[in-house]
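The next block holds one structure in the form of structure tokens; read it before the comments.
What you see below is based on every heavy atom in this structure, not just the backbone, and it leaves out hydrogens, waters and symmetry mates. As the structure is a prediction and not an experimental result, all values here were calculated from the model. Naming convention: chains lettered A, B, ... in sequence-line order (proteins, then strands); numbering from 1 in each chain.
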Amino acid sequence: MSSQNRHLDMHPFWGYASPLYSLWAVGFLVFSSSSLAYGIIAFLDILGVFLASSVGILSFLYLFNIKERAAWQILMILVPAFVQYVFLLALSFISPILYLETFFFLLIVPFLFLSSGIPMLDFSFPQRVVGQSIIKALIVGLLGLALSCIREPFGHGSLTIPTRYGAVNFLSSEQSASIAIQLLASTAGLLILFGYVVALYRFFRRVYRHYLEQKEGE
Amino acid sequence: MEHRTLRRDVVLPLVIGVVFLILGGLSWYLLAPLKNASFKEALQYLLKERGYTYTLEKEIPGPGIFKTYQLSKSSHILVVFPVLYQGRIYLYGKVINGEGTFVDTCLLSYHDTAMALPPTRLLYVYENRILHHLRRLGAIQ
């Protein structure tokens, strides 16, 4: 394999472990992109959990000089789960209603951390681990936000924001609701929309790979 | 088993697990009363906002997605739960009397006339689950 191809395959956005390539975040996106309010909460959650988990795991490994694989593996499970628990606890204080509405899909986030490919990285390079965690969380979080900005206005004819008393509509009217394409708001609609996003991603990935190969040939 | 293998594969993961368990348990124990007060206050506010006159008395703790409250000045119970419909999550409350009969349904989520609400038949699905949940808690016969 050429060095350019290896660089592409290891890239956090274009590589094999990218959420758009291996699709490890589809289940999470189904719920988080259903409305803008949930999208914002999910974005904050995934960014916080990925960042705090990678920093937490790195701190454990360095402070206690852990080299044993079994201990390392249990840290990979317990640290994201604990960070998620802290986030949900904070959310239940800040907005108990949003907590009741979102907690069952936010519980997926620690599993996303495990399947994102971050635990497979070499933890002797802390900057790379933290950098990859932020990039992967940003990709999934921003994708959720972007999809929610399409799904909610076009599917429901409204936009919601998170408040202390749940998700509140700040843009809504009977006219916009009557012309909304309700299919987009459903899970099937998200999967159709996501299919187009992935098709576009794969097209641009092929173009980028071709460009890298040409560049290497010169 | 060799001493080093025992330490590596059993003792260390066990110690880490116990530390996290203590941390989680302690924070849960210390913060649960505050958390419950926060839920009660928010739900009471929503009930008032949506025009319901029910007053929450005390929470009946239990597992799962249902939050259960005893209502004041009656033997009625309010069960709050989220309903997923067409990509939205709606917060509903069901009021049940002491004999296990449903007497009222409250929509607690914000909604306007433009929003499509879940059909009644979808809410029926939850009724059996609620009754099962309350029987398990010993709140009804």
Where on [X] is there a heavy atom nearer than 4.5 Å to chain A: the side chain, the backbone, both, or neither?
{"X": "B:F39", "answer": "both"}
{"X": "B:L84", "answer": "side chain"}
{"X": "B:L34", "answer": "both"}

Between B:F20 and A:F60 (judged by ring centroids, cut-off 6.0 Å), do the two rings come close enough to count as a pair?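 Yes - the distance between ring centres of B:F20 and A:F60 falls below the 6.0 Å cut-off.
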Given that the side chain runs from C-beta out, which part of [X] has a heavy atom under 4.5 Å from chain B: side chain, backbone, both or neither?
{"X": "A:F93", "result": "both"}
{"X": "A:S95", "result": "neither"}
{"X": "A:E152", "result": "side chain"}
{"X": "A:S92", "result": "both"}
{"X": "A:V86", "result": "neither"}
{"X": "A:I77", "result": "neither"}

Are the side chain of A:Y85 and the backbone N or O of B:W28 linked by a donor-acceptor pair below 3.5 Å?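 Such a contact is found between A:Y85 side chain and B:W28 backbone.
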To the closest 0.5 Å, what do you measure between [atom1] ([X]) and [atom2] ([Y])?
{"X": "A:L100", "Y": "B:I89", "atom1": "CG", "atom2": "CD1", "result": "10.5 Å"}
{"X": "B:I16", "Y": "A:L75", "atom1": "CD1", "atom2": "CG", "result": "4.0 Å"}
{"X": "B:L46", "Y": "A:I97", "atom1": "CG", "atom2": "CD1", "result": "4.5 Å"}
{"X": "B:L43", "Y": "A:Y165", "atom1": "CG", "atom2": "OH", "result": "10.0 Å"}
{"X": "A:S186", "Y": "B:Y85", "atom1": "OG", "atom2": "OH", "result": "10.5 Å"}
{"X": "A:Y99", "Y": "B:S38", "atom1": "OH", "atom2": "OG", "result": "11.0 Å"}

Working for side-chain contact (heavy atoms from CB on, under 4.5 Å), residues B:I65 and A:F103: CA-CA 9 Å; B:I65 59 165; A:F103 81 94; 3.9 Å; yes
For A:F111, I'd like to know if atom CZ has over 12 heavy atoms of other residues, nucleotides or ligands within 6.0 Å.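 No, because the 6.0 Å sphere around CZ of A:F111 holds 12 heavy atoms or fewer from other groups.
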A:F154, CZ atom: more than 12 neighbouring heavy atoms under 6.0 Å: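 Open.
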In terms of heavy-atom pairs under 4.5 Å with chain A, which of B:P82, B:G17, B:G24 leads?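 With the most close heavy-atom pairs to chain A, the winner is B:G24.
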